[in-house]
2 protein chains.
Amino acid sequence: MTVPASRARVRRPHAVEPGARERLLCAAVELFERKGYAAASVRDIVEQAGVAKPALYYYFRNKEGILLAALELVASELDRTLDRAASAPGSARARLAGLCTLLLVESRSHASLVRVAHAVFFSPRESLPPFDFRVFDRIVARHLRRIVGSGVARGEIRAEASRLITQAVQGLVMLAVGQHVGRRRGRLSPKDMRDLVDLVFDGAGAGPRPSKGASS
Amino acid sequence: MTVPASRARVRRPHAVEPGARERLLCAAVELFERKGYAAASVRDIVEQAGVAKPALYYYFRNKEGILLAALELVASELDRTLDRAASAPGSARARLAGLCTLLLVESRSHASLVRVAHAVFFSPRESLPPFDFRVFDRIVARHLRRIVGSGVARGEIRAEASRLITQAVQGLVMLAVGQHVGRRRGRLSPKDMRDLVDLVFDGAGAGPRPSKGASS
DNA sequence: ATCCCTACCTACCGGTCGGTAGAATACCGC
DNA sequence: GCGGTATTCTACCGACCGGTAGGTAGGGAT
């Protein structure tokens, strides 16, 4: 998603570089992730895309319009990425671990889809124009349920536990995604993620459960 | 944290209502949570506090100054709240469940500290002035480690599992806190939280672990 | 009474914001 | 060449932004 910024008026009949619209979209995605919607100005976006401001209005209705286009792009890419993890061969447990690990690794990359999705996911409720905020929730939940569902069908997961497992893995997803959000630099490794998914299935093997009357 | 907004010049020798500074701080906390820092203007804040704009500059250096004061207030309140949960009597498991449940319940309340902390915690990295973003991370982690540490000392938790448990419960904390962030309206109940903490300790009791060659 | 301080105000400033009018340029078909 | 279309531009607009100059009311001390 790195785009060469060029202000030169280079018109080639068979240009290989992205057009203005693509450059604007990529710039918007990156700036909305880095600064949030309100603090990322239209001037920032067009400067990074290397075009004049009215060009943005040629391709998108307004600032809000480019946000919506950016979010649709992010949602479809995220869906595709999660689909790969959910479709991988292996047990439900391995696929859940794969999905969490993928999100962990992806959260480290520059201007990553995961981080953009997260920035929207958790943005203050009046910081963005009206938008179906739950779209990202639903993408993640759908893939988790698909994996867990197939685990139940194959006897790898008890049906009664499927809801709790889905929720616990959602927590792990949030942990993975939150590692490099904002200025945070987490230390979770892919092996940690696998161990955490195993913990969900196997438990911590805790010490004896305290009796009801334990007081010290 | 609801403050009567009043523009009247009411000077009472024994006034019982909060002063301008407190009203400004409360307004800032609420608006930063609802709109984010960039979209919450100084004019919004002073209007909600019922004072003129230069009064904000009388008490705080600038917009950034009131943000820092607000975040200090939020951090100290959050620390106090988590301390109550971590200090409660009971097993480590019960206290972890209590802490997660407290955060779940708190995330529902209006302009809650949890949501403010979260809005900062996950804000885009260039959306706020320089600030130690990790302060909230550290508050949460400190309390979790304290609970888990005492569980290890009392034999309720295996020492080798303590790191993984802390991490898994951090995921549950994020799940709890994320329930009502932005526009999300989650459906997790306090009982769900307790069940999820139990899952961390006991595991899901999954179906048989697939053998390495399992293919269907 | 006068002076000083605290707390708060109106009106203003320069700068930036999102958006737009009108124009310019490149390309294609006739 | 001309006209039409797609694409892109400079300069401008009104509104809003964070911050400030200068001022005032009230209370306490002298």
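So you know, we letter chains A, B, ... as the sequences are listed, proteins then strands, and number each from 1.
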- [ ] Would you mind telling me which of C/dC9, D/dT8, D/dC9 lies closest to the side-chain atoms of A/Ala20?
- [x] D/dT8

Task: Test item: B/Arg194 side-chain N/O and B/Ala97 main-chain N/O as donor-acceptor pair under 3.5 Å - done: no

Task: Euclidean distance, atom CG of residue A/Leu56 to atom P of D/dC9 [Å, nearest integer] - done: 12 Å

Open item on the list: I want to check a possible cation-pi pair here: A/Lys63 against A/Tyr37, using under 6.0 Å from ring centre and within 45° of the ring axis as the test.
Closed with: yes

Open item on the list: Rounded to whole Å, how long is the line connecting atom OH of A/Tyr58 with atom C1' of D/dA6?
Closed with: 4 Å

- [ ] Quickly work out the A/Glu47 CD to C/dG18 C1' distance and round it to whole Å.
- [x] 16 Å

TODO: Measure the distance from OH on B/Tyr57 to P on D/dC17 and round it to the nearest whole Å.
DONE: 11 Å

Task: Rounded distance in Å - CG (A/Leu24) to C1' (C/dG18) - done: 15 Å

Open item on the list: Below 4.0 angstrom, which residues in residues 60-71 of chain B have at least one non-hydrogen atom near DNA chain D?
Closed with: B/Asn62, B/Lys63

TODO: Salt-bridge test for A/Arg84 and A/Asp79: reply yes if a basic N is under 4.0 Å from a carboxylate O, no otherwise.
DONE: no

TODO: Check the distance between D/dG18's P and B/Asp44's CG and give it to me in whole angstrom.
DONE: 8 Å

Open item on the list: If I take atom NZ in residue A/Lys53 and atom P in nucleotide C/dT16, what distance separates them, rounded to the nearest angstrom?
Closed with: 13 Å

Open item on the list: If you assign each of A/Ala39 and A/Pro54 to its closest nucleotide in DNA chain C, which residue comes earlier from the 5' end?
Closed with: A/Ala39

Open item on the list: Expressed as a whole number of angstroms, how long is the span from A/Arg43:CZ to C/dC17:P?
Closed with: 6 Å

Open item on the list: Holding to salt bridge (Lys or Arg N to Asp or Glu O under 4.0 Å), I want the full list of residues that pass it with B/Asp137, two or more places apart in sequence or in another chain.
Closed with: A/Arg184, B/Arg134

Task: Those residues that, when tested against A/Tyr59, pass side-chain contact (heavy atoms from CB on, under 4.5 Å) (two or more places apart) - done: A/Ala20, A/Arg21, A/Leu24

Open item on the list: Evaluate B/Leu67 against B/Phe60 for side-chain contact (heavy atoms from CB on, under 4.5 Å), listing each step before the verdict.
Closed with: CA-CA 9 Å; B/Leu67 173 69; B/Phe60 305 100; over 6 Å; no

